[in-house]
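Encoded as structure tokens, the structure appears first; notes follow it.
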Amino acid sequence: MKMGYRIYIFFIAAFMGFSSCESAKEEVNVYSGRHYQADEELFRQFTASTGIEVNLIKGDSDQLINRMLVEGENTPADVFITADVGRLTRAVDEGILSPISDIEILERVPAHLRHPESYWVGLMKRARIVVYHRERVNPTELSTYENLTDKKWQGRLLVRSSQSHYNQSLMASMIAANGADSAELWAAGLVRNMAQSPRGNDRDQVKAIAAGIGDIAIINTYYLGLLLRSSNEEERRIASEMGLFFPNQQGRGAHINVSGLGLSAHAHNEDNAIRLIRFLLQDDSQAYLSASNFEYPVVSSALMPDLLNEWGQFKGDTLNISELGGLLPEAMFIFDRVGWP
Ligand code: FE
């Protein structure tokens, strides 16, 4: 009995030795649905300046959420990163995140770009806007998302499938702004005006304009930036034919979405996770990501690349985007009912 007790103590001590050894290694484990070289370069810079190793696991955002669910309390994940508010909402609903209480982090990110209970914060933002062919469309013809249902756009509008999280969040924003009935009429009007049945990604919509299939397309801002600064000459040529239009500038502003991140509910390296999140929200980090990917910084004091400055100031919707998460099921019903594949 006494011997057993001693062995028990030994194991406790050994375990504590092991765990303090583990934390002495100074690491942070990141599960990320973002696939940018720039993110990895920033992680390297973080390691260089703090000595904290960043172990990165990249994957599809939904699969990473599933993995964290299966791993439960034993998940190595300290930080979860994804693009689109829908995935962030799912992560909150599944209980894999815990609120961030670090004031320095919360003060960096505008209130409408983070969860009201701080389960996630925005990392970078993007607007879902209209690109148009500069020779075939006069930008004075453009005004609002609502106006895209006008007959003048019949057979001229390009937009990808409703499987796109970006379109789902856009639809949720239409429901938030105008109500579900009105959003459904809008969606039906858009389907009527489509130049072709939705196919491809945002970049492909721009290429379809260049190919003469349509004249305007709904895409995220950074895809035009990535085409304009592409290493492929043909992509640069295509992009140079396009103009960029921010809708709803007289009203609520252009629809905004975020890449965002949260702290794992079972983070084993919480202090390091907080340090990493603070680092990603520094002006320099934000400016670096913006210059590399053409997303907009969430931190207003961060510098933007020339291209984004050329696109100019615009009004973005200031609705707390976490509210869009709850509207996504309704958005999916609408896509179904109006036959937006
Ligand atoms: Fe994207």
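Note that these values count all heavy atoms, side chains included, but never hydrogens, waters or copies made by symmetry. Indexing begins at 1, ligand by ligand and atom by atom, following the structure's order. Along the sequence shown, the residues carry numbers beginning at 1.
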### Every N, O or S from the protein that is nearer than 2.8 Å to the Fe ion (ligand 1)
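The answer is Y166 OH, Y222 OH, Y223 OH.
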### Task
Could you tell me which residues satisfy side-chain contact (heavy atoms from CB on, under 4.5 Å) with S98, sequence neighbours excluded, listed by chain and number?
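With sequence neighbours excluded, S98 shows a side-chain contact (heavy atoms from CB on, under 4.5 Å) to L263, A265, given in chain and number order.
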### Task
For H133, enumerate each residue passing the side-chain contact (heavy atoms from CB on, under 4.5 Å) test, keeping only those at least two apart in sequence or located in another chain.
E135, R136, I209, E241, M242
### Query
W186 vs W340 aromatic rings, parallel, tilted or perpendicular, using cut-offs 30° and 60°?
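Taking W340 first and then W186, their aromatic rings sit tilted (interplane angle of 30° to 60°).
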#### Entry: NZ/NE/NH1/NH2 to OD/OE distance under 4.0 Å, R337 and E184
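Salt bridge: yes.
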### Message
So that I can tick it off, tell me whether R90 and D62 are bridged by a salt bridge, with the cut-off set at under 4.0 angstrom between side-chain N and carboxylate O.
### Response
yes
### Message
Run the ring pair (Phe, Tyr, Trp, His ring centres under 6.0 Å) test against Y296 and tell me which residues pass, sequence neighbours left out.
### Response
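By the ring pair (Phe, Tyr, Trp, His ring centres under 6.0 Å) rule, Y296 matches F314.
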